[in-house]
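Proteins come first, then strands; the chains are lettered A, B, ... in the order of their sequence lines, and each starts at number 1.
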Number of protein chains: 2
Amino acid sequence: MAGDGPQPEGYLQIGEAAARADVTQRTLRYYEEKGLLRPPTRMEGGFRLYSPDDMERVRRIKELRDLLGFSLADIKEMIEAEDVKEQIRSHWRRDADISEKAAEIRRAREVTLQQIALVDEKMGRMAEMRRQLDARRERYDTWLHANAPAGAAAGDQADGA
Amino acid sequence: MAGDGPQPEGYLQIGEAAARADVTQRTLRYYEEKGLLRPPTRMEGGFRLYSPDDMERVRRIKELRDLLGFSLADIKEMIEAEDVKEQIRSHWRRDADISEKAAEIRRAREVTLQQIALVDEKMGRMAEMRRQLDARRERYDTWLHANAPAGAAAGDQADGA
DNA sequence: ATTTACCTTGACGCGCACGTCAATGTCCGT
DNA sequence: ACGGACATTGACGTGCGCGTCAAGGTAAAT
């Protein structure tokens, strides 16, 4: 039995990577093809090796898609702007670079703020939806209670919230 | 023949209906075609007339799609189950019908509960996402603050000095 | 060396949710 | 009774987000 990391350390081949991220291999290749994932490192024979960072990125993409409903094109824009964070860690060369980086950071910040605003808006609408659903459920319960089975007596279930 | 008013009250032709619901006419016809909207009443010449109820339904479909990300097929199932509410208003004939209706109501209630659960789950994940976005923004702010503009006068709220 | 499992790059296909003509019919004001 | 706005039903097209072969190459075990 091969262990979890025969050659690479913390890096995963596409099979495992897809399984753990709960997507298909096709999806990973597709995201790469569309520029959502940077081309991962490869083994000697050309097999893709996904880093933990890559995995995190996939999870992020999934959240943006499943939770917020963004298109992959939109998501690409976002994470491209966010990618400055990785350039931040790298040491810059001179002061001139700083103002350049700062501009990118501010752009990334803007993108983040917009995402936050969108999350807030969606959460607000969802809260409203939840209220309506609750009201709906209450109407059902009221009806059911009013037209209770003739033979049954007291002892109905309580409502949870 | 039932007299269809030439100028309907509160009813809208597809153009206005689409505009107010912020969808295209194609979308309305498509929803009807797919069984998400019951065939609306028509004018003499065949023009569709959408009732306020129809409009409400379109809004509901949009919410389920845009907010929760359901497919139209899923939504169809849901609103079919919910449709009992309109049958409730109609007076039933005998007691035997009641248990029948009650079964449908319970089904509709179940659907609603599942929707509530899903909304709650999504809201939870969105809250978590929001936290992460906030943390991200803070990191940007921290960086920007640390690498404040060199030439500018330091007039901001300064750290201990 | 061979098996076996996993990987590679094309390239075509598909379902969804409509978009977009095209040809025709209807409403309504003047 | 006519013109222009608005509607009707097909029917084909489109973009997205992958699915699904096909024809191979590679890795690790036997």
Revision key, fill the gap. Whichever of B:Leu72 and B:Gly46 has the more 5' nearest nucleotide on DNA chain C, that residue is B:Leu72

Review point. Which of these nucleotides, C:dG19, C:dA17, D:dA7, is closest to any side-chain atom of B:Ile14?
Key: D:dA7

Exercise for review: Measure from the side-chain heavy atoms of B:Arg26 and tell me the nearest of C:dG19, D:dT8, C:dC7.
Suggested key: C:dG19

Review point. Out of D:dA27, D:dC18, C:dC7, which nucleotide sits closest to the side chain of A:Met43?
Key: D:dA27

Exercise for review: Whole angstrom is fine here: how far is it from CD in A:Gln25 over to C1' in D:dT20?
Suggested key: 13 Å

Review point. Is any side-chain N or O of B:Arg48 closer than 4.0 Å to OP1 or OP2 of D:dC6?
Key: no

Check your understanding: D:dC18 phosphate, OP1 or OP2: any side-chain N/O from A:Tyr31 under 4.0 angstrom?
Key -> yes

Exercise for review: For C:dC7, take OP1 and OP2 only and decide whether either is under 4.0 Å from a side-chain N or O of A:Gln13.
Suggested key: yes

Check your understanding: B:Lys122 and A:Asp66: which non-hydrogen atoms are nearest, and at how many Å?
Key -> NZ-O, 2.8 Å

Check your understanding: What is the distance from CZ of B:Arg65 to C1' of D:dC16, rounded to the nearest Å?
Key -> 12 Å

Point to revise | Whole angstrom value for the distance that separates P of D:dT8 from CG of B:Leu49 | key: 9 Å

Point to revise | Donor-acceptor pair present, B:Arg29 side chain and D:dT9 base, under 3.5 Å | key: no

Review point. How many Å lie between CD1 on B:Ile75 and P on C:dA17, as a whole number?
Key: 8 Å

Practice item. Decide yes or no on salt bridge (charged side-chain N to carboxylate O under 4.0 Å, His left out) for A:Glu128 and A:Arg131, but give the supporting numbers first. Key: CA-CA 5 Å; A:Glu128 171 57 24; A:Arg131 272 189 290 278; 3.1 Å; yes

Review point. Distance from A:Tyr50 atom OH to A:Leu28 atom CG, nearest 0.5 Å?
Key: 4.5 Å

Check your understanding: Below 4.5 Å, heavy atoms only, C-beta onward: do A:Leu49 and A:Gln13 meet side chain to side chain?
Key -> yes

Exercise for review: Provide, to the nearest angstrom, the distance between the CD atom belonging to A:Glu33 and the C1' atom belonging to C:dA11.
Suggested key: 11 Å

**Study point:** Nearest-Å distance for atom pair OH/P, residues A:Tyr30 and C:dC12
**Key:** 17 Å

Review point. Closest approach of A:Ser51 and A:Arg38, non-hydrogen atoms and distance?
Key: OG-NH2, 4.4 Å

Check your understanding: Which listed nucleotide (C:dT26, C:dT8, C:dA17) is nearest to the side chain of B:Phe47?
Key -> C:dT26

Review point. Which of these nucleotides, C:dC18, D:dC18, C:dT9, is closest to any side-chain atom of A:Thr27?
Key: D:dC18

Check your understanding: Does A:Thr24 have a side-chain nitrogen or oxygen under 4.0 Å from the phosphate oxygens OP1 or OP2 of D:dC18?
Key -> no

